[in-house]
Amino acid sequence: MNHTEAEIIAIVKKLMADLDIEYLEDIPFEIRVLKDRKKSYTKRIDMETAWGVGVSVPSADWRDEDGTISINIDDATGEIESYLFFSAGRPIPCYARLNEEGEYRLIPIGN
């Protein structure tokens, strides 16, 4: 593995801060190592090894239930290759990239 769990957590915390998304700090991130991501739903993901991170967030959902953000980070590059916010409505698959100011921005997959 090229990245440690601590490095992945730091990437996710920066993403949450840059997007101004409050997450449930008392609930630890769910982190898994994902193997062979060549057959992903997005078609953009072509990673042999990735980190899958689940982040619990307070939801703006009309049901007042907490939501989950699912993030896949390519272990080879450290880039966020998929971001899905499961809350009210259908999630829009995105990836995240750093802009000129060094802040993460979401880019819908397919654009």
Side-chain angles (χ1 to χ4, degrees):
M1 298 296 290
N2 295 323
H3 293 84
T4 66
E5 187 171 306
E7 291 171 326
I8 297 304
I9 289 173
I11 290 169
V12 172
K13 285 185 175 183
K14 176 167 176 33
L15 173 69
M16 296 292 111
D18 290 352
L19 298 178
D20 199 26
I21 296 175
E22 181 181 343
Y23 57 91
L24 300 174
E25 292 188 47
D26 56 328
I27 298 176
F29 296 156
E30 177 188 329
I31 298 177
R32 294 174 288 129
V33 176
L34 307 173
K35 300 283 187 180
D36 191 18
R37 301 301 294 168
K38 292 181 187 330
K39 296 182 180 175
S40 175
Y41 65 92
T42 63
K43 294 184 182 176
R44 186 182 190 297
I45 296 175
D46 188 14
M47 300 174 284
E48 289 189 20
T49 306
W51 293 87
V53 183
V55 181
S56 296
V57 295
S59 178
D61 192 339
W62 59 273
R63 297 173 300 213
D64 292 327
E65 295 177 5
D66 295 335
T68 301
I69 296 174
S70 174
I71 301 167
N72 284 342
I73 301 173
D74 187 339
D75 185 57
T77 64
E79 291 189 336
I80 299 169
E81 294 295 344
S82 72
Y83 172 100
L84 286 171
F85 186 9
F86 296 97
S87 184
R90 183 174 175 228
I92 299 171
C94 296
Y95 58 96
R97 292 293 181 265
L98 293 170
N99 64 14
E100 299 80 32
E101 290 82 34
E103 295 181 347
Y104 279 109
R105 291 294 171 245
L106 296 178
I107 301 164
I109 293 175
N111 291 348

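Using a 4.5 Å cut-off on side-chain heavy atoms (C-beta onward), V55 and E30 make no contact. Side-chain atoms of K13 and F29, non-hydrogen and from C-beta on, do get closer than 4.5 Å to each other. Put simply, the side chain of F85 reaches to within 4.5 Å of the side chain of V57, judged on heavy atoms. Counting heavy atoms from C-beta outward, I71 and L15 have side chains that approach closer than 4.5 Å. Contact check for R32 versus W51: no side-chain heavy atoms found under the 4.5 Å cut-off. Between R97 and I107 there is a side-chain heavy-atom pair separated by less than 4.5 Å. Under the 4.5 Å side-chain criterion, counting only non-hydrogen atoms from C-beta, E103 is not in contact with L98. When side chains are defined from C-beta on, L84 counts as touching P93, because their heavy atoms get closer than 4.5 Å.
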Could you please spell out the steps behind the side chain to side chain contact (heavy atoms under 4.5 Å, CB included) verdict for I80 and Y95?
CA-CA 6 Å; I80 299 169; Y95 58 96; 5.5 Å; no
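With 3.5 Å as the limit, one finds a donor-acceptor pair spanning the side chains of N72 and S82.
Checking each of I73, L19, I109 against Y83 for a side chain to side chain contact (heavy atoms under 4.5 Å, CB included) leaves exactly one that passes, namely L19.
Looking at residues two or more places apart in sequence or on another chain, you find no side-chain hydrogen bond (donor to acceptor under 3.5 Å, both in side chains) involving E5.
Judged as a salt bridge (Lys or Arg N to Asp or Glu O under 4.0 Å), the pairs with a partner in residues 17-28 (not counting sequence neighbours) are, in order, K14-D18.
The hydrophobic clustering, which links ILVMFWY residues whose side-chain heavy atoms are closer than 4.5 Å, places I92 and I69 apart.
Applying the 6.0 Å contact sphere to CD1 of I27 captures more than 12 heavy atoms from other residues, nucleotides or ligands.
Between E100 and R105 there is no salt bridge, since no side-chain N of the basic residue sits under 4.0 Å from a carboxylate O of the acidic one.
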